[in-house]
S.K.: 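Below are the structure tokens for one structure; questions will follow.
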Amino acid sequence: MSYASKVKDELSRQLSAARHCQIAEIAAIISLCGRISITADNRYSIKIHTENVAVARKYFTLLKKTFNIVTDVSIRRNSYLKKNRTYSVVVDEHHDAIRVLQATKLIGRDGEIEENLSLQKNMVVKQACCRRAFIRGAFLAAGSISDPEKSYHFEITCATEEKARQLQGLIGTFHLDARIVMRKKYFVVYMKEGCQIVDILNVMEAPVALMALENVRILKEMRGQVNRQVNCETANIHKTVSAAVKQLRDIEYIRDTIGLAKLPERLEDMARLRLEKPEATLKELGEALDPPVGKSGVNHRLRRLGEIAQALRTEDDVLELFLAEKKK
């Protein structure tokens, strides 16, 4: 079972105790994956379609508990994709459909469908607990969440921009910054930050999925910190080794051309010590000198040796450079 399926399965078993919250969740499911049919003699019916059995089970349970409506769940298998099943839950009794639509405020007193099944300015989502239930229902009906091992992504697909804006606003009441993007003909409300996805799981009351995601986040952060530290240390080691190799080459070039004895005493001592201790750090080299020298002093002398080697290679004022060194 995928992580998204586990989240939906957990949410499908999360049943609010308050009737008004149950109504809010039903409203979200109908709004995002439902369809209302009206016959020629003005008889109403409600049908939802979903490919997730957990959603069908939750909607069935909510109808039974909230309105004492018992419906059938029909299953249809795609002839082309044998593993793909579609679940349909239908409230075909006119009076039952009217009761549900009136309770969820999706139908007006005149029998007209309200705001294309949108709940803007609706009493159903006035309370915080009802907003939680509505977001939970919306995610069950049209949401998805990626496996946190791979990436962080939470989204709910809406058929219209009005529904997307409404959902974005409801999520925003919990101080979460959801965004909207148009994908094909749909509007997608999404979040990509791990911490915000943790918070939205908390809003929807999915503690098991939340803990699983938090565990993954902690492991990822630990791996990231270790990798950064290793990369930093590796880079420092590489830099130190590269510098030491260059210093040895410069000193060997001076030795093989004019000889180390022609160097100023302090540079000669430094050159010989580096040849004796090719793997020593600047601190270790400084402590081995007599008298001891700090890291900056060692670095300065090695840099001067590098300048002398470069001058010798280019035959650029070599004698003047040596004389200047002798006077110091």
Side-chain angles (χ1 to χ4, degrees), residues 3 146-153 175 177 191-199 202 210-328:
Y3 179 74
S146 63
D147 186 341
E149 290 279 5
K150 299 176 181 178
S151 64
Y152 298 129
H153 185 84
H175 309 290
D177 183 23
M191 290 185 289
K192 283 185 171 292
E193 293 184 13
C195 58
Q196 294 218 352
I197 296 175
V198 167
D199 289 340
N202 183 50
L210 186 155
M211 290 304 299
L213 192 149
E214 280 284 50
N215 288 338
V216 172
R217 285 185 66 213
I218 291 170
L219 287 174
K220 277 188 173 182
E221 288 177 4
M222 289 178 63
R223 289 194 202 108
Q225 290 177 358
V226 170
N227 287 338
R228 284 191 294 272
Q229 186 173 356
V230 169
N231 291 339
C232 182
E233 291 178 356
T234 301
N236 288 337
I237 291 171
H238 179 73
K239 182 178 178 181
T240 301
V241 170
S242 298
V245 169
K246 182 181 181 304
Q247 292 160 8
L248 288 169
R249 287 176 180 172
D250 288 340
I251 293 169
E252 288 170 352
Y253 186 80
I254 296 171
R255 180 194 64 192
D256 297 341
T257 52
I258 63 171
L260 298 180
K262 291 189 177 181
L263 292 172
E265 183 180 354
R266 59 192 184 87
L267 294 184
E268 180 184 357
D269 292 343
M270 186 75 261
R272 295 187 186 282
L273 185 60
R274 172 48 95 187
L275 290 174
E276 292 174 8
K277 300 178 180 291
E279 297 180 359
T281 63
L282 297 183
K283 182 180 180 182
E284 291 169 345
L285 290 173
E287 291 173 348
L289 288 170
D290 186 21
V293 177
K295 288 172 60 177
S296 61
V298 172
N299 186 55
H300 173 74
R301 295 185 186 185
L302 290 171
R303 188 170 64 251
R304 295 297 293 156
L305 288 169
E307 292 171 357
I308 292 172
Q310 181 62 26
L312 286 170
R313 291 187 182 101
T314 59
E315 297 182 356
D316 180 23
D317 297 329
V318 176
L319 183 58
E320 184 178 343
L321 179 62
F322 286 152
L323 292 174
E325 288 290 341
K326 292 282 188 181
K327 293 177 181 178
K328 291 181 181 180

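All residue numbers refer to positions in the sequence shown, counting from 1.
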S.K.: Would you give the length of the straight line joining atom CG of L285 to atom CD of E276, rounded to the nearest 0.5 angstrom?
M.R.: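 If we round to the nearest 0.5 Å, L285:CG and E276:CD are 10.0 Å apart.
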S.K.: If a pair satisfies salt bridge (Lys or Arg N to Asp or Glu O under 4.0 Å) and one of its residues is in residues 234-254, list it, with sequence neighbours excluded.
M.R.: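 Checked against salt bridge (Lys or Arg N to Asp or Glu O under 4.0 Å) - neighbours excluded - the pairs reaching residues 234-254 are K246-D250, D250-R313.
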S.K.: With a 4.5 Å cut-off on side-chain heavy atoms, are D269 and L273 touching?
M.R.: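 Sidechains of D269 and L273: no contact.
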S.K.: Can you list the steps and then say if R272 with E268 is a salt bridge (Lys or Arg N to Asp or Glu O under 4.0 Å)?
M.R.: CA-CA 6 Å; R272 295 187 186 282; E268 180 184 357; 3.0 Å; yes
S.K.: Would you give the length of the straight line joining atom CG of L263 to atom CD1 of I251, rounded to the nearest 0.5 angstrom?
M.R.: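 That separation rounds to 9.0 Å.
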S.K.: Could you check if a side-chain atom of K295 sits within less than 4.5 angstrom of a side-chain atom of V298, using non-hydrogen atoms only?
M.R.: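 SC-SC contact between K295 and V298 ruled out.
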S.K.: Could you measure the distance from the CD1 atom of I197 to the CG atom of N202? Nearest 0.5 Å is fine.
M.R.: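 Here the rounded value is 14.0 Å.
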S.K.: If every non-hydrogen atom of S146 is compared with every non-hydrogen atom of Y152, which pair is closest and at what distance?
M.R.: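 So the two residues come closest at OG-C, 3.7 Å.
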S.K.: Taking all non-hydrogen atoms of both residues into account, name the closest pair between P278 and L248 and its distance.
M.R.: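 Scanning both residues, the minimum pair turns out to be CB-CD1, 3.6 Å.
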S.K.: Supply the atom-to-atom distance R303 CZ to S296 OG, rounded to the nearest 0.5 angstrom.
M.R.: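 Those atoms lie 9.5 Å apart.
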S.K.: CZ of R266 to NE2 of H300: how many Å apart, nearest 0.5 Å?
M.R.: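 One finds 5.0 Å between CZ of R266 and NE2 of H300.
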S.K.: For K262 and I258, work out which heavy atoms get closest and say how close.
M.R.: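 Looks like CD-O, 3.4 Å.
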S.K.: Just by distance, do the side chain of R274 and the backbone of K277 share a donor-acceptor pair under 3.5 Å?
M.R.: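 Looks like yes, one N/O pair under 3.5 Å.
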S.K.: Which heavy atom in T281 sits nearest to a heavy atom in E284, and how many Å separate them?
M.R.: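 Smallest interatomic distance, heavy atoms only, reads N-OE1, 3.0 Å.
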S.K.: For residues 217-228, which residue pairs qualify under salt bridge (Lys or Arg N to Asp or Glu O under 4.0 Å), counting only residues two or more places apart or in two chains?
M.R.: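 For residues 217-228, and leaving out neighbouring residues, the salt bridge (Lys or Arg N to Asp or Glu O under 4.0 Å) pairs sorted by first residue read E214-R217, R217-E221.
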S.K.: Rounded to the nearest 0.5 Å, how far apart are CG of L260 and CG of L305?
M.R.: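 Answer rounded to 0.5 Å: 8.5 Å.
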S.K.: Let's go through R301 and L289 carefully: what are the C-alpha distance in whole Å and the side-chain angles of both, what is the deciding distance for side-chain contact (heavy atoms from CB on, under 4.5 Å) to 0.1 Å, and is it a yes or a no?
M.R.: CA-CA 12 Å; R301 295 185 186 185; L289 288 170; 3.9 Å; yes
S.K.: For T257, give me all partners under side-chain hydrogen bond (donor to acceptor under 3.5 Å, both in side chains), at least two apart in sequence or on another chain.
M.R.: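 Per chain and number, T257 pairs via side-chain hydrogen bond (donor to acceptor under 3.5 Å, both in side chains) with no residue.
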S.K.: Should D199 and M191 count as side-chain neighbours, where that means a heavy-atom distance under 4.5 Å?
M.R.: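 Contact flag for D199/M191 side chains = no.
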